[in-house]
Structure formats: structure tokens, C-alpha cells
Amino acid sequence: MTPGDGEQLLSYPIPSDTALGPPAEWARLRQRCPVAKVALPSGDEAALLTRYADVKQVLSDPGFTRLLNADDAARVSDSESGGVFNSSMAQSLPQGGEGHQRWRRMVAKWFTAKRMNALRPGIEAMAERLIDDMLVHGHPADLKAHLAFPLPVWVICDLLGVPDSDRDRFAHWSDTLLNLTRYRQDEVDTAQAEFADYMAAHVAAKRTGPGEDLLSELITATDPGGHRMSDAELVATGQALLVAGHETTANMIGKMMAMLLADRSHWERLLADRSLVRTAVEEALRFDANPGFGMPRYIGEDTEVADTALPRGTTVVRSMAAANRDETTFEGAGELTLDRSPNPHLAFGAGAHSCLGQALARTELQAVLEVLLRRLPTLELAVRVAELRRLEGVAVGGLCDLPVRW
């Protein structure tokens with residue numbers, strides 16, 4: 001077989017009829033066409049994987065590489081550079097092998113569960129202050145603007161030692177780099193240059209005046225072999241963590257709360273049993289049908305997945321969200337089950353490229369949920385579920401806003 005034999009070429013990302021629900025095609029693709037040929041926003045073709053077993057297999061397969069700047073790799077966005085996955089920021093970091101593992105080991109020291117737990121009281125205190133401000137504003141209020149967006153920005157700025165007063169600039173740069181269709185190439189180039197210049201100046205300032213932050217430590221840190229990060233690696237690390245550290249978590253806070261309030265029996269159950277917060281967060285991560293683009297990878301050798309031949313030069317998109325709805329792995333996959341355990345979802349990936357900041361994301365999601373349950377037990381959506389609006393054309397999925405009242 002070859003990808004998508006006998007199948008119509010789908011446009012990817014595949015649109016959904018609702019803000020919180022999955023595209024109807026996911027179930028059909030898992031059953032009939034687990035390796036589907038799709039057209040990316042750039043017009044280039046890629047192979048889409050939707051089954052849990054296949055996605056998990058290739059997540060851990062080093063043959064599926066991050067070399068998305070290869071001459072024959074598909075471009076994701078319709079810009080000349082091909083989007084955030086093909087950008088100079090992405091390619092300034094080691095993308096595989098020992099170099100990538102060395103980089104991960106140096107950065108991962110800051111993202112252990114133990115260190116994240118130590119941050120939790122500060123995260124909860126900031127959530128309290130943001131909710132105080134929202135209460136002064138009154139309802140209806142946009143939970144995304146008042147809490148879901150500013151909290152992760154504050155956290156990641158604190159970790160990197162950058163002022164969160166610059167968050168509007170970060171938001172603009174992130175939006176430009178993560179957008180698949182909205183910006184011209186010259187706008188993308190300008191955003192990339194401004195962001196790189198900002199972070200280069202920040203790294204230079206940390207060299208002369210180090211603080212108690214991740215970048216200050218990385219400037220002087222060495223691995224067991226004596227390797228230190230180059231300035232280019234430090235700049236790219238700061239950029240990657242700022243983008244990934246606030247966009248994904250900000251959007252996930254909004255989606256999690258929308259899921260829990262869409263059928264308010266879920267919220268009522270959490271109010272009655274706070275011990276479910278941890279498993280509820282994991283289930284929201286699994287149930288998220290709007291995570292964005294997914295993880296593209298490039299293969300440099302002929303290979304096979306799900307009895308389907310993938311020739312050298314194929315770009316593969318692994319939909320973790322579609323895999324997380326696979327009924328062969330998750331009983332009642334289409335239902336939000338707050339006490340689901342075990343829950344081996346793939347929201348953070350798996351293998352050597354699994355999400356470095358997953359302990360931080362979990363800590364923030366749990367902290368926000370705990371504080372909201374305590375402070376706003378009467379919280380509810382201020383619009384009908386059908387009126388919730390997806391962000392369109394971005395690599396990281398989310399809602400435009402989340403109107404609530406209490």
C-alpha cells in the first residue's frame with residue numbers, strides 16, 4: 001500500500017464542526033486509512049497518521065527526524081520559509097542524536113517534577129491575583145484574557161528572567177511564528193528577526209548580570225564532556241521556551257475549562273471531589289480535540305507504517321489528538337471520564353522528543369483548576385457551547401475567547 005490509496009486528498013489541518021469536538025474524518029481514517037495523504041496549508045503533501053499504535057511507534061522512532069529544512073521536505077505554512085517547524089529558530093537547536101539528547105539533559109534539570117512542585121505556591125498565588133482582578137472587572141469576563149493567557153506568560157518569563165511586561169511583544173512574535181496562513185513572508189521575517197535580537201540582547205545582559213533563572217544557569221553550565229551552549233543555542237532555547245511555554249499552556253487552560261463547563265456535571269463532580277483534579281487534567285489533555293497542527297517529521301529512508309510504504313523524503317504528520325481518541329486503546333474514547341486511570345495519552349508525545357515542559361504544564365493546569373474550584377464554584381459558560389470559537393490557521397490550537405460568569 002501507499003499513503004491514501006483510493007482516498008480523496010484531504011486538506012490539513014482537518015476542520016471540525018465544533019470548537020471542542022473532533023473532525024468526523026478522524027474515526028474514518030483510523031478505521032479505513034490510517035496513513036492518509038493530506039495537503040498542508042502550503043499546498044505541499046504529507047502523510048497523516050491517526051491510530052494510537054502507529055503514532056506511538058513513530059514518536060519513538062529516530063528514523064522520523066526533525067530535518068524539516070531538507071530540500072524535499074514539505075513546507076507547513078504558505079510562507080516562503082515554511083513556518084515555525086522549518087524556521088531558523090527551530091533549526092538552531094540540535095534536532096536529533098546525541099546533540100539533541102545533550103541539549104535536553106542540560107535544559108531538563110529545570111523541568112523536574114520536584115522543581116515544578118516548588119514553583120506551585122507561586123503559581124497559585126499569581127492565579128489568585130489574576131482572579132481578584134477578574135472579579136473587579138465583573139462578569140461576563142473572558143477567562144482566557146484574564147487568567148489563561150497571563151498566568152503561563154508570567155511563569156515562563158519568571159523562569160527565563162525576562163520581564164512579563166514584555167508579554168504583548170511575545171504574544172505578537174508567537175502569533176506570527178505559529179500562524180500558518182495569516183502573515184506575509186516579510187512579516188514573518190521581521191518577527192523572527194525582532195525576537196532573535198531581543199533574546200540575544202537578553203542573553204548578553206545575563207552574561208554580565210546573571211540572576212536566579214534558567215538562562216543565567218545555562219550560560220555557565222557544562223555537560224559531563226565540558227560542552228557549553230553557544231550563543232545561537234541559548235537564543236534559540238529562550239525563544240523556543242517562551243513560545244512553547246506560554247502558547248500551548250494558555251490555550252490548554254482555556255480548552256480544559258471549556259470542556260469541564262460545557263457539561264456542568266463535570267464541574268459539579270470536581271467540586272464534590274477535589275481528589276479528581278489530577279486525573280481530570282490528564283483526561284482533558286487526552287480529550288483535547290483541538291491541539292493544533294500536530295508534530296511533523298521527515299524520513300530520510302524508505303520505511304513502512306501500518307503496512308503502508310513511506311518513501312524517502314516523505315513528511316509525516318502524527319496526530320496525537322486523533323490517536324488519543326482511538327477506541328482500541330481508550331474505552332469510551334469519545335467520553336470525558338474524569339477518573340480515567342490508567343491514561344496513557346500522547347498529548348506530550350513520547351520518546352526522545354517528548355515535551356520537555358510537561359511537568360510545568362501539568363503543574364500549571366492543576367494549580368489553575370484547584371484555585372478556580374476554590375474561588376469560583378458557581379463558574380459557568382456565559383455563551384452556548386455552540387457559540388465557542390476555535391482559533392483558525394495556527395500551529396497551536398485553542399479558543400478565541402472563553403466568556404464566563406459566576
Side-chain angles (χ1 to χ4, degrees), residues 59 66 68 76-77 83-95 100 103-112 115-116 119 123 148-162 164 166-167 169-180 188 191-192 195-196 198-199 202-203 213-215 218 229 233-256 285 288 290-297 318 320-321 346-365 391 394-398:
L59 281 169
R66 292 187 172 195
L68 295 166
V76 172
S77 80
V84 67
F85 301 110
N86 310 69
S87 71
S88 58
M89 178 180 79
Q91 300 303 326
S92 294
L93 297 174
Q95 297 298 310
H100 176 73
W103 176 83
R104 279 185 70 98
R105 284 192 295 268
M106 294 180 76
V107 177
K109 295 175 184 178
W110 273 80
F111 291 95
T112 62
R115 183 165 253 174
M116 294 306 105
L119 294 178
I123 294 172
F149 178 71
L151 180 70
V153 173
W154 175 82
V155 172
I156 201 67
C157 287
D158 189 54
L159 274 174
L160 293 173
V162 300
D164 67 339
D166 287 337
R167 67 188 188 198
R169 300 168 74 186
F170 303 144
H172 169 68
W173 292 328
S174 295
D175 184 53
T176 308
L177 296 177
L178 292 171
N179 211 278
L180 301 177
V188 174
Q192 286 182 335
F195 196 9
Y198 177 96
M199 195 54 64
H202 182 62
V203 168
D213 57 88
L214 182 152
L215 283 177
L218 288 179
M229 284 193 190
E233 285 179 304
L234 289 164
V235 167
T237 297
Q239 288 181 289
L241 293 176
L242 265 174
V243 173
H246 85 267
E247 286 284 351
T248 51
T249 308
N251 281 310
M252 191 61 222
I253 291 171
K255 290 180 290 185
M256 174 181 72
L285 289 162
D288 178 18
N290 181 21
F293 190 86
M295 285 296 176
R297 291 292 184 262
R318 305 161 304 179
M320 278 90 90
L346 299 174
F348 294 117
H353 292 281
S354 61
C355 176
L356 193 64
Q358 58 186 283
L360 176 58
R362 285 185 163 106
T363 300
E364 290 183 64
L365 289 165
L391 286 171
V394 288
V396 176

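These numbers come from a predicted model, not from an experiment. These numbers come from the heavy atoms of this one structure, side chains and all, not from hydrogens, waters or symmetry mates.
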Please work out which of the three classes, parallel, tilted or perpendicular, describes the rings of Phe170 and Phe195, given edges at 30° and 60°.
tilted
So, Asn251 side chain and Glu247 main chain: donor-acceptor pair closer than 3.5 Å or not?
yes
Taking the side chain as C-beta and beyond, is there a heavy-atom pair between Met320 and Pro291 under 4.5 Å?
no
Run the side chain to side chain contact (heavy atoms under 4.5 Å, CB included) test on Leu119 and Leu159 for me, step by step, so that the C-alpha distance in whole Å, both residues' side-chain angles and the decisive distance to 0.1 Å come before the verdict.
CA-CA 10 Å; Leu119 294 178; Leu159 274 174; 4.2 Å; yes
Take Met199 and Leu215 through the side chain to side chain contact (heavy atoms under 4.5 Å, CB included) test and state the conclusion after the steps.
CA-CA 10 Å; Met199 195 54 64; Leu215 283 177; 4.0 Å; yes
Are Leu242 and Trp173 close enough, and set up right, to give a side chain to side chain contact (heavy atoms under 4.5 Å, CB included), and what steps lead you there?
CA-CA 10 Å; Leu242 265 174; Trp173 292 328; over 6 Å; no
So, do Trp110 and Leu241 sit near enough that their side-chain heavy atoms are less than 4.5 Å apart?
no
Would you please test Asp213 and Leu160 for side chain to side chain contact (heavy atoms under 4.5 Å, CB included) and show each step?
CA-CA 5 Å; Asp213 57 88; Leu160 293 173; 5.8 Å; no
Just wondering, do Trp103 and Thr237 contact through their side chains at under 4.5 Å, heavy atoms?
yes
Are any of the side-chain heavy atoms of Leu365 and Leu285 separated by less than 4.5 Å?
yes
Residue pair Val76 / Pro296: nearest heavy atoms and the distance that separates them:
CG2-CG, 4.4 Å
Say whether, by atom type as modelled, one donor and one acceptor occur between the side chain of Lys255 and the main chain of Asp288 under 3.5 angstrom.
no
